[in-house]
> 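Would you mind keeping the following structure in view while I ask a few things?
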Amino acid sequence: MGHTVVDPKFTDLVDEHAAVERIGTGFVFTEGPIWHPVDQYLLFSDMPGDVRRKWTRQSGVTEQLRPSNKGNGMTYDAELNLLVCEHATSSVARFRPDGSRELLASHFEGQELNSPNDIVVKSDGAIYFTDPTYGRLEHFGVPRPLQLGFQGVYMLPPDHKPGDEAVLVSDRYMFTQPNGLCFSPCERWMWVNDTEQANIRMFDVGGDGRLKNSRMFASGIKDSVKAGVPDGMKADANGNVWVTAPGGVWVYSFEGMLIGKIEVPEMVANLHWGGEDWQTLFMCACTSVYTIKTKIRPRSEPFMSPKTVQSSSLEQAANVGSSVNASSKGLQIAACPVLDPKKTALLIQDLQNDVMMDGGAFAETGSPQHARDQNVVSNAIALAEAARRNGMPVIHIWMVCEPGHPLLSQHAPLFQGLKGENALVRGTWGVAPVPGLEPRPEDLVCEKMSMSGWETSRLESYLNHAGIDTIINTGSWTNMSVEHTARTAADKGFQVIVPEDACSTMNADWHRASINFGMQNVANVTDTASVIAALR
């Protein structure tokens with residue numbers, strides 16, 4: 001089935017002839033797909049059928065819960081508790097991994113919510129959901145009178161206690177039937193669509209979590225010939241917006257331009273990415289669930305790097321293809337010396353979207369592919385988990401420029417490139433950490449405007465105040481930020497550990513030159529598995 005390419009940018013996200021595959025059928029009306037990042041399965045709602053279903057590649061579709069209170073939208077929080085919008089109870093409920101149910105919210109100003117519909121979690125733990133009236137209609141819910149006189153968007157703040165009322169974050173009378181909602185990758189903005197108005201609005205997310213500065217993002221999302229309405233909606237890692245629409249799924253650029261349409265045999269109600277590489281888009285249609293492979297991943301959500309992931313599984317992932325492959329890559333590495341966690345800190349440097357992600361300002365250098373070849377994100381995650389487990393500081397070092405790059409000297413190609421590509425600008429997707437490496441509340445962040453992590457940041461103060469004498473130096477690019485930070489650290493009297501497979505650059509040749517020659521005299525070059533073993 002051919003898809004519709006409105007703008008060439010669309011083919012960077014999905015192949016125009018990518019196959020749409022059906023993985024299950026025979027349902028009443030499917031909704032709310034969500035992927036479990038640890039156990040690798042899809043949950044989805046068969047809403048009118050009042051059942052929650054599970055799909056795995058090995059076993060196909062099985063029942064997970066019946067009755068399900070006509071659950072609709074679903075997601076996980078960072079602890080992998082399942083959050084469900086229940087039509088039959090007008091509630092947002094939380095299901096623990098043991099299956100126990102807890103009511104989070106069901107009222108506003110003493111009145112029952114209409115019927116929570118779609119749901120998303122912010123990185124600070126705040127839960128947002130829409131509240132149209134569909135769950136009080138026959139078939140999709142339980143017919144009963146409305147108590148509220150409007151349909152809005154709500155938040156359960158990070159300090160929300162189960163049973164407390166929800167917080168209204170939108171204007172009371174802006175929406176007719178608010179439905180899908182999603183954050184931008186940096187979470188500064190949120191999109192909310194309205195099924196009846198056939199449009200998408202974009203908002204600023206205020207410091208208090210409320211939605212501000214509403215503006216029209218896309219309108220006229222309808223077709224007199226093809227079935228489909230704005231319903232489920234998700235953002236990808238580049239800030240493009242994917243929304244269910246007539247004929248399947250429509251994709252809009254961050255600027256609100258329609259760039260392409262995915263054609264699906266049935267009307268699609270909701271969608272979400274999953275799979276081991278997060279590049280399988282699952283689409284819940286009327287009676288079936290479909291998939292399509294994409295070239296882009298979703299925006300990073302808290303559940304995608306859950307706090308409950310067992311470190312042993314991360315260590316096993318890091319062990320595969322690290323030291324075993326070092327010799328085949330022509331690299332000179334050694335075992336890691338025993339480390340004292342009380343005197344050691346982990347540095348994660350420049351692992352930002354513009355530096356090393358597809359769609360970033362420097363993607364054409366080859367850095368995204370080399371990062372994948374190095375498995376650098378997974379290895380950095382494994383190191384961060386091991387560091388936190390041992391009570392070590394995790395310090396993220398980011399290059400951050402102000403809009404327009406004011407007073408950024410143009411004396412060197414590095415800084416010329418930053419300004420020329422409008423890269424690493426505060427508040428943009430490009431400056432944000434890559435998915436999975438967002439700082440935890442206990443981590444530290446240093447901002448810099450230099451190649452080395454030392455010159456223009458708080459790094460040295462943090463390390464000296466904590467009594468640190470050893471740094472584990474990771475990041476991108478190996479031959480630039482990582483190497484310069486290692487050289488300066490050696491001059492300052494720090495022991496430097498460089499796990500080579502937690503570093504990447506433009507290509508293997510540059511990486512090899514830096515590892516084999518640039519850092520051999522200033523650092524102990526090793527690999528991720530050896531560092532984790534040394535921390536034991």
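Below, all heavy atoms of this structure are taken into account, side chains as well, without hydrogens, waters or symmetry copies. Count residues from 1 along the sequence. This one's a predicted model, so the numbers in the text were calculated from it and none came from an experiment.
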> Would you give the length of the straight line joining atom CZ of Arg101 to atom CZ of Arg96, rounded to the nearest 0.5 angstrom?
13.0 Å
> Does the pair Arg215/Asp204 count as a salt bridge with the N-to-O cut at 4.0 Å?
yes
> Just wondering, do His396 and Asp443 contact through their side chains at under 4.5 Å, heavy atoms?
yes
> Parallel, tilted or perpendicular, judged at 30° and 60°: which one describes the rings of Phe303 and His272?
perpendicular
> Would you indicate whether Glu276, at its atom CD, is surrounded by more than 12 heavy atoms from other residues, nucleotides or ligands within a distance under 6.0 Å?
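It does not: Glu276 CD has 12 such atoms or fewer within range.
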> Has the side chain of Asp77 got a donor or acceptor atom that lies under 3.5 Å from a matching backbone atom of Asn81?
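A pair under 3.5 Å: yes.
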> Any chance you could lay out the salt bridge (charged side-chain N to carboxylate O under 4.0 Å, His left out) test for Glu196 and Lys222, step after step, and finish with the verdict?
CA-CA 10 Å; Glu196 191 165 309; Lys222 52 189 174 182; over 6 Å; no
> For the pair Arg136 (side chain) and Asn114 (backbone), establish whether a donor and an acceptor sit closer than 3.5 Å, ignoring hydrogens and angles.
yes
> Counting only N and O atoms by type, is there a donor-acceptor contact under 3.5 Å from the side chain of Thr474 to the main-chain atoms of Leu347?
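Yes, the answer is positive, given that a donor and an acceptor are paired below the 3.5 Å cut-off.
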> Can you list the steps and then say if Leu80 with His36 is a side chain to side chain contact (heavy atoms under 4.5 Å, CB included)?
CA-CA 8 Å; Leu80 288 183; His36 197 287; 3.6 Å; yes
> Going by the side-chain hydrogen bond (donor to acceptor under 3.5 Å, both in side chains) test, name the single residue among Thr291, Asp236, Thr294, Thr280 that passes it with Trp273.
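With Trp273 as partner, Thr291, Asp236, Thr294, Thr280 yield a single side-chain hydrogen bond (donor to acceptor under 3.5 Å, both in side chains), made by Thr294.
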> Distance from Asn353 atom CG to Arg299 atom CZ, nearest 0.5 Å?
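Going from the CG atom of Asn353 to the CZ atom of Arg299 covers 12.5 Å.
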> Using ring centroids (six-membered ring only for Trp), state whether Phe140 and Tyr134 fall under 6.0 Å.
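Not under 6.0 Å, so no.
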> With side chain to side chain contact (heavy atoms under 4.5 Å, CB included) as the test, would you mind laying out the steps for Leu113 and Gln151 before giving the verdict?
CA-CA 9 Å; Leu113 297 168; Gln151 292 71 248; over 6 Å; no
> Side chains of Asn199 and Asp194: any donor to acceptor distance under 3.5 Å?
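No, because no side-chain N or O of Asp194 sits under 3.5 Å from a partner of the opposite role on Asn199.
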> Counting only N and O atoms by type, is there a donor-acceptor contact under 3.5 Å from the side chain of Thr365 to the main-chain atoms of Ser367?
yes
> Is the cationic atom of Arg188 (NZ for Lys, CZ for Arg) positioned less than 6.0 Å from the six-membered ring centroid of Phe203 and within 45 degrees of its normal?
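That pair does not qualify as a cation-pi contact.
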> So does Tyr173 get a backbone contact from the side chain of Asp171, meaning a donor-acceptor N/O pair under 3.5 Å?
yes
> Output, in order, the C-alpha distance, side-chain angles, deciding distance and verdict of side-chain hydrogen bond (donor to acceptor under 3.5 Å, both in side chains) for Asp231 and Asn179.
CA-CA 6 Å; Asp231 192 333; Asn179 202 325; 3.2 Å; yes
> Tell me, which pairs form a side-chain hydrogen bond (donor to acceptor under 3.5 Å, both in side chains) where one or both residues lie in residues 404-423, sequence neighbours left out?
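For residues 404-423: Ser409-His411.
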> Under 3.5 Å, side chain of Thr456 to main-chain N/O of Lys448, donor-acceptor pair present?
no
> Quick check, are the ring centers of Tyr128 and Phe183 under 6.0 angstrom apart?
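Yes - the distance between ring centres of Tyr128 and Phe183 falls below the 6.0 Å cut-off.
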> Is it true that Phe254 and Trp189 have ring centroids separated by less than 6.0 Å?
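Yes, they do, as the ring centres are separated by less than 6.0 Å.
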> Could you check whether His87 and Asn69, counting side-chain N and O atoms only, form a donor-acceptor pair closer than 3.5 Å?
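Short answer, no.
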> Taking Glu102 for its side chain and Arg94 for its backbone only, find out whether a donor-acceptor pair lies under 3.5 Å.
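It does not hold such a pair.
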> Mind checking salt bridge (Lys or Arg N to Asp or Glu O under 4.0 Å) for Glu266 and listing every partner two or more places apart, or none if nothing turns up?
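For Glu266 there are no salt bridge (Lys or Arg N to Asp or Glu O under 4.0 Å) partners, ignoring immediate neighbours.
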> Just by distance, do the side chain of Thr4 and the backbone of Gly260 share a donor-acceptor pair under 3.5 Å?
no
> Among residues at least two apart in sequence or on other chains, which ones pass side chain to side chain contact (heavy atoms under 4.5 Å, CB included) with Met257?
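Partners of Met257 under the side chain to side chain contact (heavy atoms under 4.5 Å, CB included) test: Asp7, Lys9, Ser253, Ile259.
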> Does a side chain donor of either Asn270 or Glu31 reach within less than 3.5 Å of an acceptor in the other side chain?
yes
> Can you find a pair of side-chain heavy atoms, one from Leu82 and one from Leu43, that are under 4.5 Å apart?
yes
> Once rounded to the nearest 0.5 Å, what's the spacing between atom CH2 of Trp250 and atom CG of Leu258?
6.5 Å
> When you measure from the side chain of Trp454 to the backbone of Thr485, do you find a donor-acceptor pair of N or O atoms at a distance under 3.5 Å?
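Judged by distance alone, yes, a pair lies under 3.5 Å.
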> Using 0.5 Å steps for rounding, measure from the OG1 atom of Thr30 to the CG atom of Asp46.
7.0 Å
> Decide side chain to side chain contact (heavy atoms under 4.5 Å, CB included) for Ile221 and Tyr252; before the verdict, give the C-alpha distance in whole Å, the side-chain angles of both, and the deciding distance to 0.1 Å.
CA-CA 11 Å; Ile221 308 174; Tyr252 289 86; 3.5 Å; yes
> So how far is it from Met174 CE to Leu211 CG, rounded to the nearest 0.5 Å?
8.5 Å
> For residues Ser300 and Glu438, is any side-chain donor paired with an opposing acceptor at under 3.5 Å?
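The criterion, which ignores hydrogens and geometry beyond distance, is satisfied for Glu438 and Ser300.
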> Are Leu42 and Ile34 side-chain neighbours, meaning at least one heavy-atom pair lies under 4.5 Å?
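They are not in side-chain contact.
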> Taking atom types as modelled and ignoring hydrogens, do the side chains of Thr195 and Gln177 form a donor-acceptor contact shorter than 3.5 angstrom?
no
> Are side-chain N/O atoms of Gln352 and Asp354 paired as donor and acceptor at under 3.5 Å?
no
> Please determine whether salt bridge (charged side-chain N to carboxylate O under 4.0 Å, His left out) holds for the pair Glu301 and Lys122, giving the CA-CA distance in whole Å, both sets of side-chain angles, and the decisive distance to 0.1 Å.
CA-CA 7 Å; Glu301 299 188 50; Lys122 197 167 179 277; over 6 Å; no
> Begin from the C-alpha positions of Tyr462 and Cys446 and carry the test side chain to side chain contact (heavy atoms under 4.5 Å, CB included) through to its verdict.
CA-CA 9 Å; Tyr462 282 148; Cys446 292; 3.5 Å; yes
> Go through the steps for Ser45 and Asn72 under the test side-chain hydrogen bond (donor to acceptor under 3.5 Å, both in side chains), then give the verdict.
CA-CA 6 Å; Ser45 305; Asn72 190 343; 5.7 Å; no
> Does atom CZ of Arg372 have more than 12 heavy-atom neighbours, drawn from other residues, nucleotides or ligands, at distances under 6.0 Å?
yes
> Given 3.5 Å as the limit, does a donor-acceptor pair link the side chain of Arg388 with the main chain of Pro393, or not?
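No, the answer is negative, given that no donor and acceptor are paired below the 3.5 Å cut-off.
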> Between CZ of Phe29 and CE of Met47, what distance do you get to the nearest 0.5 Å?
5.5 Å
> How about Ser457 and Glu447: does a side-chain donor come under 3.5 Å of a side-chain acceptor?
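Their side chains do not contain a donor-acceptor pair, so the 3.5 Å distance test is not met.
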> For the residue pair Lys234 and Trp242, would you count it as a cation-pi contact if the rule is NZ or CZ under 6.0 angstrom from the ring centre and within 45 degrees of the ring axis?
no
> Tell me, with the steps shown, if Arg144 and Ser90 meet side-chain hydrogen bond (donor to acceptor under 3.5 Å, both in side chains).
CA-CA 11 Å; Arg144 58 204 191 279; Ser90 294; 2.5 Å; yes
> Given the rule in the salt bridge (charged side-chain N to carboxylate O under 4.0 Å, His left out) test, do Glu16 and Lys261 qualify, once you have shown the distances and angles that lead to the verdict?
CA-CA 9 Å; Glu16 64 180 299; Lys261 302 178 181 181; over 6 Å; no
> Check the side chains of Glu112 and Ser106 for a donor-acceptor pair under 3.5 angstrom, ignoring hydrogens and angles.
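No, no side-chain donor-acceptor contact under 3.5 Å.
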